[in-house]
Peer 1: 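This is the structure I have questions about; it appears just below.
In what follows, chains are A, B, ... by sequence order, proteins preceding strands, each numbered from 1.
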There are 2 protein chains.
Amino acid sequence: MGRKKNKDIIPHEAIRRLSLYLRALKWLSRKKIKVVSSDEITKYLNTIPAQFRKDLSYFGGFGKRGVGYNVEALIREIEKILGTNMVWDIALIGAGKLGTALLGYAGFMEFNLKIAIAFDNDRSKAGRVFGNIRIEPISRMKKEIREKKIKIALLTVPAQYAQKISEDLVQCGIKAILNFAPVNLHLANDIHVAHVDMASELGSLVYRLKHKSSHK
Amino acid sequence: MGRKKNKDIIPHEAIRRLSLYLRALKWLSRKKIKVVSSDEITKYLNTIPAQFRKDLSYFGGFGKRGVGYNVEALIREIEKILGTNMVWDIALIGAGKLGTALLGYAGFMEFNLKIAIAFDNDRSKAGRVFGNIRIEPISRMKKEIREKKIKIALLTVPAQYAQKISEDLVQCGIKAILNFAPVNLHLANDIHVAHVDMASELGSLVYRLKHKSSHK
DNA sequence: CATTTCTTGTGAAAAAAGTAACAAATGGGC
DNA sequence: GCCCATTTGTTACTTTTTTCACAAGAAATG
Ligand SMILES: NC(=O)c1ccc[n+]([C@@H]2O[C@H](COP(=O)([O-])OP(=O)(O)OC[C@H]3O[C@@H](n4cnc5c(N)ncnc54)[C@H](O)[C@@H]3O)[C@@H](O)[C@H]2O)c1
Ligand SMILES: NC(=O)c1ccc[n+]([C@@H]2O[C@H](COP(=O)([O-])OP(=O)(O)OC[C@H]3O[C@@H](n4cnc5c(N)ncnc54)[C@H](O)[C@@H]3O)[C@@H](O)[C@H]2O)c1
């Protein structure tokens, strides 16, 4: 029951939604709820029951007909699918305003992601501590990331340095980058890049606002 | 030349891409480039020429065949489409680690968006200044937002307060919210909500990393 | 154990988004 | 003014994603 099936290609958006399902499930778990139906859980999510079920069905059958989904079991299954059933160490580059805010953010642990090390090229910042992380001088970046075998980086440096630093990161073994700088990174295409772009997000909001179409 | 046409429905993603086009065009403008073809500009973007042209074609014909697009003129056109051809005042609620980082962020002005006022319920924060903005006590929020006719808010309060505060915001006239708290807001559906969710973004990155599929 | 009530998992249909291809402009050279 | 090299705008096509609808499985009831 519940073997992985690869006959269908998995929608990119379905993966992103898995994270949201996981968060909702953990919330239900904290509320001591043992079982949930696709109908109930999607009340808290921005989607419909059919999509929840379909998304899960790409990976197997995790529910019980007539009953619903076991919350704890589904949490474990989704963590296994996402790969967040183990702790991943992350590096942060650029301990400025945004970078230090992220260093103090507990929310990454929700997905078993832990900022393990942070770098900045401002010598006066080296040695300072934010949220248990001591800032290291940028000169040690390549060595440390390579040694610690870190694969994921948060990039919070000014836009003009982002491309160069991301190339350095790739050189020392980084495979995935969450980029906060407002530039497109051009990297080998086995490097996974996601872009958090608040300003352009606001841009679309203004459009929707102006055109008064109802949201979603 | 270039009349708006509404016969087609406009893909949601096309709007988001407009913001990216705008940013690229402004960069070209700073480099004193006067004219650009869809081929050239998409070298800097994560897309192909056909999509650039198609996206623009939803709103009109802004280029010149055999030549390309006038950079300055296209900037003005896109700003007009997005509605960022005028300054929009924004309110920020929750001047904590992330909120104060945003207060010091210059990147919103790229889209003519200006954080005009900020609120926090921690009395000890009221009066402190970040990036030219003085933090106001939360008790003045409704009055000030209503008086200043602010329509857009950045929500950076802890997750458990986000729903309640967003309802207050709607009450005093806010129409669009950029939500940073890891919860889904349930609001009337003429209220536009966008969600910046770094943790879940990282979740999908881990999946892609584990499954080694080439990015994009 | 037959019946009823739920709720999943999944093909099939529908909708949406993205890509390709090309006719129609444009401008420059000669 | 005519040809040639460009590059747009748009229609037609392809792929991807979402939604629907329902058969099949599971428990509860009497
Ligand atoms: N502040 C925000 O809220 C915000 C919001 C969205 C996006 N961003 C983006 O995030 C990035 C950082 O923004 P910020 O506001 O934190 O800026 P910041 O200037 O406060 O921080 C940048 C940090 O990067 C460091 N740095 C500069 N060059 C470096 C290098 N070569 N190697 C290592 N470290 C280097 C600086 O010393 C500084 O500490 C920018 O690209 C910005 O556009 C910021
Ligand atoms: N820090 C980050 O980098 C980060 C990253 C992603 C998401 N977030 C999310 O952003 C939100 C804020 O995170 P943070 O790290 O800045 O937390 P924080 O605790 O540093 O800041 C929260 C601020 O909100 C204020 N606040 C609390 N209740 C309030 C209320 N009812 N009205 C007005 N203000 C109120 C607090 O006084 C505090 O200043 C959280 O929901 C968090 O999950 C933060």
Peer 1: For Asn112(B), check side-chain hydrogen bond (donor to acceptor under 3.5 Å, both in side chains) against everything at least two apart and list the hits.
Peer 2: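 Here no residue qualifies.
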Peer 1: Does any part of the side chain of Leu209(B), heavy atoms only, come nearer than 4.5 Å to the side chain of Trp88(A), both counted from C-beta?
Peer 2: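 Of all side-chain heavy-atom pairs linking Leu209(B) with Trp88(A), at least one is under 4.5 Å.
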Peer 1: Tabulate protein N/O versus nucleotide N/O from nucleotides 14-18 of chain C, keeping only pairs under 3.5 Å, one per line.
Peer 2:
from    : atom 1 : to       : atom 2 : distance (Å)
dG18(C) : OP1    : Arg17(B) : NH1    : 3.3
dG18(C) : OP2    : Arg17(B) : NH1    : 3.3
dG18(C) : OP2    : Arg17(B) : NH2    : 2.9
dG18(C) : OP2    : Gln51(B) : NE2    : 3.4

Peer 1: Which whole-number value in Å describes the distance from Tyr69(B) OH to dT6(D) C1'?
Peer 2: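 Distance check: Tyr69(B) OH to dT6(D) C1' gives 13 Å.
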Peer 1: Return the set of residues passing side-chain hydrogen bond (donor to acceptor under 3.5 Å, both in side chains) with Glu144(B) (not counting sequence neighbours), or none when no residue passes.
Peer 2: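 Residues passing side-chain hydrogen bond (donor to acceptor under 3.5 Å, both in side chains) with Glu144(B): Arg140(B), Lys148(B).
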Peer 1: So which pairs with a foot in residues 87-115 of chain B pass salt bridge (charged side-chain N to carboxylate O under 4.0 Å, His left out), sequence neighbours left out?
Peer 2: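 Pairs touching residues 87-115 of chain B that pass the test: Arg23(B)-Glu110(B).
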Peer 1: In whole angstroms, how far is the C1' atom of dT6(D) from the CD1 atom of Ile41(B)?
Peer 2: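 Those two atoms, CD1 and C1', are 18 Å apart.
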Peer 1: Output yes when at least one side-chain N/O atom of Lys64(A) is less than 4.0 Å from OP1 or OP2 of dA27(D), else no.
Peer 2: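 True: Lys64(A) side-chain N/O within range (under 4.0 Å) of dA27(D) OP1/OP2.
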Peer 1: Rounded to whole Å, please give me the gap between CZ in Arg53(B) and C1' in dT6(D).
Peer 2: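 In whole Å, dT6(D) C1' and Arg53(B) CZ are 11 Å from each other.
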Peer 1: Please give, in whole Å, the distance from dG9(D) P to Phe52(B) CZ?
Peer 2: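 About 9 Å, once rounded to whole Å.
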Peer 1: For residues Glu167(A) and Gln163(A), is any side-chain donor paired with an opposing acceptor at under 3.5 Å?
Peer 2: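 Yes, side-chain donor-acceptor contact under 3.5 Å.
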Peer 1: Report the residues that fulfil ring pair (Phe, Tyr, Trp, His ring centres under 6.0 Å) with Phe119(B), sequence neighbours left out, ordered by chain and then residue number.
Peer 2: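 None.
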Peer 1: From CZ of Arg65(A) over to P of dA28(D), roughly how many Å is that when rounded to an integer?
Peer 2: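 So the two atoms are 18 Å apart, to the nearest Å.
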Peer 1: Whole angstrom is fine here: how far is it from CZ in Phe62(A) over to C1' in dT10(C)?
Peer 2: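 It works out to 15 Å between those atoms.
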Peer 1: Check side-chain hydrogen bond (donor to acceptor under 3.5 Å, both in side chains) between Lys151(B) and all other residues, then give those that pass, not counting sequence neighbours.
Peer 2: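 Applying side-chain hydrogen bond (donor to acceptor under 3.5 Å, both in side chains) to Lys151(B) gives none.
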Peer 1: Between Leu56(A) (CG) and dT18(D) (C1'), how many Å, whole number?
Peer 2: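 Answer to the nearest Å: 15 Å.
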Peer 1: Report the distance from atom CG of Asn70(A) to atom P of dT8(C), rounded to the nearest whole Å.
Peer 2: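 Those two atoms, CG and P, are 13 Å apart.
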Peer 1: Can you tell me if the side-chain N/O atoms of Ser38(B) get under 4.0 Å from OP1 or OP2 in dT7(D)?
Peer 2: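 No, because none of the side-chain N or O atoms of Ser38(B) sits under 4.0 Å from OP1 or OP2 of dT7(D).
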Peer 1: Mind checking if Thr47(B) touches a base, just sugar-phosphate, or nothing, with heavy atoms under 4.0 Å?
Peer 2: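 Result for Thr47(B) = nothing.
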